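Taking it in order: structure first as structure tokens, then the write-up.
Residue indices begin at 1 and follow the sequence shown. It should be emphasised that the depicted structure is a prediction, and the values quoted were computed from it without experimental measurement.
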Amino acid sequence: MTTLQPSTASDEITIGPDTYRYLPLASILTADEIAAAPYAVRILIENVARRAPASLDAVLARFRGQIAECELPFHPNRIMLHDTTCLPALADFAAMRDSVAELGGDPTLLQPSIPVDLTVDHSVIAEEYGRPDALEANMAHDFRRNSERYRFIKWAERSIDNFGVIPPGTGIIHQVNMESLATAVWVDHATTPPTVHPDVLVATDSHTPMINSIGIVGWGVGGLQGQAAMLGEPVTIQYPTVVGVELTGALRSGVTGTDLALTLTELLRAHGVVDKFVEFHGAGALALGWADRAAVSNMAPEYGATCALFPADEQALRFLALSGRSPEHCELVRHYLDHQQLLRHPDSPTPVYDEHVALDLAEVVPSLAGPRMPHERVALPEVPRSFRAAAPVPAAARGIDPVFGERVPAGPIAVAAITSCTNTANPTLMVQAGLLARRAVAAGLASKPWVKTSLSPGSQVVTGYLAETGLLAALESLGFYTVGFGCMTCIGNSGPLHPRMEELVDEGVVPTAVLSGNRNFPGRVNPRLELGYLGSPPLVVAYALAGTILHDFENDPLGRAADGSPIHLRDLWPSDAEVAEVVARSVRPEQFRANTAAIRTGTTAWQELTGPGGTRFDWDLGSTYIRRPSYLTGLDVEAPTDLSLAGARPFLVLGDNVTTDHISPAGAIPHDSAAAEYLRGFGVRPRDFNQYSTRRSNHEVMLRGAFTNAAVVNRLLEPGTGGTGGWAHTADRSEVLPVYDAAASYRAAGLPLVVFAGRNYGAGSSRDWAAKSQALLGVRAVVAESFERIHRSNLIGMGVLPIQFAAGDSVTDHRFDGTESLTFDGLDRLEVGVNTLTMRVTRPDGSGAEVPVTLRLDTRNEIDYLRHNGTLPYVVRKTLAAGGSVLR
């Protein structure tokens, strides 16, 4: 566990009979400096002073404007992972132990130095729906397919120190974090008296900033960076630019926290907050409830921010009490944060921010986001227009369908899902949806038969209070049965569409999805759906009733009453007062306490699973789920020193907004894919191919899925060349093959590969396999106009160079055709900061060009990772050099 550095100044606070030790900010900063510092910066400075005092002088010099930039080594007190990032991390961990042993070291010394919690929430699929036993049926499918993965987790529980598990069927990582695991103030009993400090964390999911809504600093990191942090490496960032977002006014009646989150996503993406911290202030922020704050902070990766902090205040303290934290702990939180000037009061001075953005909450209107990106906010009346503009050929309404017994309209809703931590953590939104459903049922309305309806909350607390109020039954009457407790539809585990809808898609119908999630990239929700919209839970219910994205809620009724009078959405929408009354009497601390007490128990199926023991994992060579990763075999004691990319070839030229979904898939493994062919070779039946996300501990599957997303278009090829997904020339240019097969020819010829792209390369999920797959394909550099933060970090973690074009330059200015030979000058003299390189382009006819490019390296660790060909080989060699003691 972390301990207070003995050289740092300390003070004590006494609460009742207990005394605690802490490092006072007042011993580091003057009163005026504390008042001027953003709350996030105060927490970062405390962390550096306590955990990395050797770096404090530089951080303070940057804070005071005496230097332009500096590294900030951040030491989290805990780590969180979900299963699709943790399983590969565990495979890496087991393989690192093997490498340490094979190189003569002691593998038992490789242990996490801080607590690590795994939440298993990304594997269950919404296959069964619209029936009372959907939850049990989907969990049975889950354990049948994933029992090998879950036994691997059981091995980790037995073999790895400081490692805990929240089993499948329990909840979603970020909601579990908020409701059960977060402490706001961390108590370290390794000192006498115990040391207290802010609860700070990182997690391997980009939506980790949801925890910022209750004043806790934490953010998402890539799996590789998370693994390094587990082993004692600091999460080193550049001292952050902090954007102050002033919220004024109040939300109008009928406007939801989801509408606010989507509005801020649009606003902040336009302002530009990538790699920055966002901090909310103003009277509107102070009055905003904790649940609405959670939706706003959760969407941070969609607007690009590293953190989205609502400083701790009475709303945060109210949530801690509501969610069942003990009165004693709540008192400790209040006193410690107040002593440290980390608790915001109505009369607290506004900090000094680097940049400013403002929003009047009264201007927010009911909205969706779509049809392709989370920041494409559309006011509700404009949704039909946005769909018509995006759909390739919106089919007209058809005749009476023989299966559904009624006309299927144009723009049919194929999926209506109340899903994800973003909105199911908000009791107001869930009660709103339930009350709307109750009124719809009373009016005789029903969901359209072609709509796949589902409810997948982030916590069992949600179904508890919905059941107690009778609202769960109302939702079920409209088909919104609980299908699981996990990310499900939001992460792409939506399962198949209605069988008839699958046929209609083949016939040219263009359907869409509406979900209360946080991402709607093309093909993410379901591979058959290129278009999708994000919205609040009550609007998800409304669209299930309407059956089409083209419905005009202002003018068109959802149905008619028995007397023939029209029923509009406004007739069903509950008042704010009614919602507030139901929430106040039905959401109580004892529900959260009971859920937290049972959170690590799991289902009977989980309890009956057993796993192997031993320090080193016994790999099964016949496994299709878990294999020793090839990038951690055959390591040498000494690091390679040559970063040269001489003779590299352009392999792919891609456009803007290439997401990690495009690079490394997460959804169902198609039956006609290279990954499916590989699995058939092991005797796996098609119904058990499962998701790419569940097979991320098998590099053979993941490599075959790289760049297979239907939206990937390689601009080095003539339009229409190849099939669906990414294709490329072979090294001898004799063929055009799928990316996996084409890349093999370059590896055989010893030619490094370069991927070129436009803006925002690597947006989306914090998916380390998006970097791992490129590295294993032989990609040594990605040259793009800009990178999303986590993917850039993951590329470096795999030894891949994230190089940027100079401002005003882009790949379209250079007309690559794939025959060029590339060399990058300047890689032999890398340093922290922006490194200026020259990309030398030589064409077969002898002509060429010199292109100025840059490589930004934020920390010395990043240079080390590149020189060791990745984070994991670096950790192995560091363990050997230090005898393991440095990691303890």
Side-chain angles (χ1 to χ4, degrees), residues 1-3 47 51 74-97 100 107-123 149-168 170-178 180-183 186-190 199-208 211 216-235 596 599-600 602 606 611 615 617 626 696-697 766 768 790 794 797 871-872 875 879 884 886-888:
M1 301 294 290
T2 62
T3 58
N47 186 267
R51 295 301 317 280
F74 177 73
H75 286 81
N77 52 254
R78 59 191 178 96
I79 303 279
M80 291 194 72
L81 311 97
H82 58 68
D83 45 311
T84 56
T85 52
C86 187
L87 268 293
L90 292 179
D92 290 344
F93 204 91
M96 283 193 289
R97 282 185 170 178
V100 168
T108 64
L109 297 175
L110 202 64
Q111 299 282 8
S113 60
I114 56 177
V116 179
D117 280 302
L118 159 64
T119 304
V120 185
D121 65 350
H122 275 52
S123 295
R149 299 171 66 240
Y150 295 163
R151 284 193 294 271
F152 186 40
I153 291 171
K154 293 277 188 173
W155 167 79
E157 274 192 303
R158 298 176 62 183
S159 175
I160 299 176
D161 294 345
N162 278 333
F163 182 77
V165 178
I166 291 89
T170 303
I172 300 177
I173 177 172
H174 311 304
Q175 207 159 333
V176 167
N177 189 17
M178 272 191 70
S180 299
L181 300 185
T183 62
W186 189 263
V187 182
D188 181 358
H189 292 282
D199 177 20
V200 290
L201 75 148
V202 294
T204 56
D205 188 278
S206 53
H207 294 97
T208 302
I211 201 65
I216 296 174
V217 168
W219 61 85
V221 297
L224 298 164
Q225 198 172 16
Q227 290 174 60
M230 286 167 53
L231 295 167
E233 292 289 308
V235 179
T596 297
I599 204 165
R600 298 187 190 275
W606 174 260
T615 299
F617 182 69
I626 302 165
R696 287 182 186 160
S697 298
S766 59
D768 56 351
I790 294 178
N794 278 338
T871 302
L872 305 180
V875 169
T879 305
V886 72
L887 302 177
R888 303 292 289 179

Steps toward side-chain contact (heavy atoms from CB on, under 4.5 Å) verdict (I114, N162): CA-CA 6 Å; I114 56 177; N162 278 333; 5.7 Å; no

Walk me through whether F617 and F152 qualify under ring pair (Phe, Tyr, Trp, His ring centres under 6.0 Å). CA-CA 9 Å; F617 182 69; F152 186 40; 4.6 Å; yes

Of all the heavy-atom pairs spanning [X] and [Y], show the shortest one and how long it is.
X    : Y    : answer
G222 : I790 : N-CG2, 3.5 Å
L118 : C86  : CD1-CB, 3.4 Å
A228 : T871 : CB-CG2, 3.8 Å
G226 : I79  : O-CD1, 4.3 Å
Q227 : F93  : OE1-N, 4.5 Å
R158 : G611 : NH1-O, 2.6 Å

For [Y], does its backbone N or O pair with a side-chain atom of [X] as donor and acceptor, under 3.5 Å?
X    : Y    : result
S180 : N177 : no
N47  : H75  : yes
T208 : D205 : yes
T170 : I166 : no
S697 : L87  : yes

Before accepting this row, confirm whether a basic side-chain N of the pair [X]/[Y] lies closer than 4.0 Å to the acidic partner's carboxylate O.
X    : Y   : result
R97  : D92 : no
D199 : R78 : yes
R149 : D83 : yes

How about N77 and R51: does a side-chain donor come under 3.5 Å of a side-chain acceptor?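 Looking only at side-chain atoms, R51 and N77 do not form any donor-acceptor pair under 3.5 Å.
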
We want to know whether H82 and D121 form a side-chain donor-acceptor pair, criterion being a heavy-atom distance below 3.5 angstrom.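 Looking only at side-chain atoms, D121 and H82 do not form any donor-acceptor pair under 3.5 Å.
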
Decide side-chain contact (heavy atoms from CB on, under 4.5 Å) for L110 and I160; before the verdict, give the C-alpha distance in whole Å, the side-chain angles of both, and the deciding distance to 0.1 Å. CA-CA 9 Å; L110 202 64; I160 299 176; over 6 Å; no

Rounded to the nearest 0.5 Å, how far apart are [atom1] of [X] and [atom2] of [Y]?
X    : Y    : atom1 : atom2 : result
T204 : M230 : OG1   : CE    : 9.5 Å
T615 : Q111 : OG1   : CD    : 7.5 Å
L181 : T596 : CG    : OG1   : 7.5 Å

Please determine whether side-chain contact (heavy atoms from CB on, under 4.5 Å) holds for the pair L224 and L872, giving the CA-CA distance in whole Å, both sets of side-chain angles, and the decisive distance to 0.1 Å. CA-CA 7 Å; L224 298 164; L872 305 180; 3.8 Å; yes

For a 4.5 angstrom cut-off between non-hydrogen side-chain atoms, does D117 reach L81?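 They are not in contact (no side-chain heavy atoms under 4.5 Å apart), so the answer is no.
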
Any M96 side-chain heavy atom under 4.5 Å of L231 side chain: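 Counting from C-beta outward, M96 and L231 do come under 4.5 Å.
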
Test of ring centre spacing under 6.0 Å for F74 and W219: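 Yes, close enough.
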
Passes side-chain contact (heavy atoms from CB on, under 4.5 Å), V200 versus W186? Steps please. CA-CA 8 Å; V200 290; W186 189 263; over 6 Å; no

Of T85, V116, T119, which is the lone residue that meets side-chain contact (heavy atoms from CB on, under 4.5 Å) with M80?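 For M80, the side-chain contact (heavy atoms from CB on, under 4.5 Å) check succeeds only for T119.
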
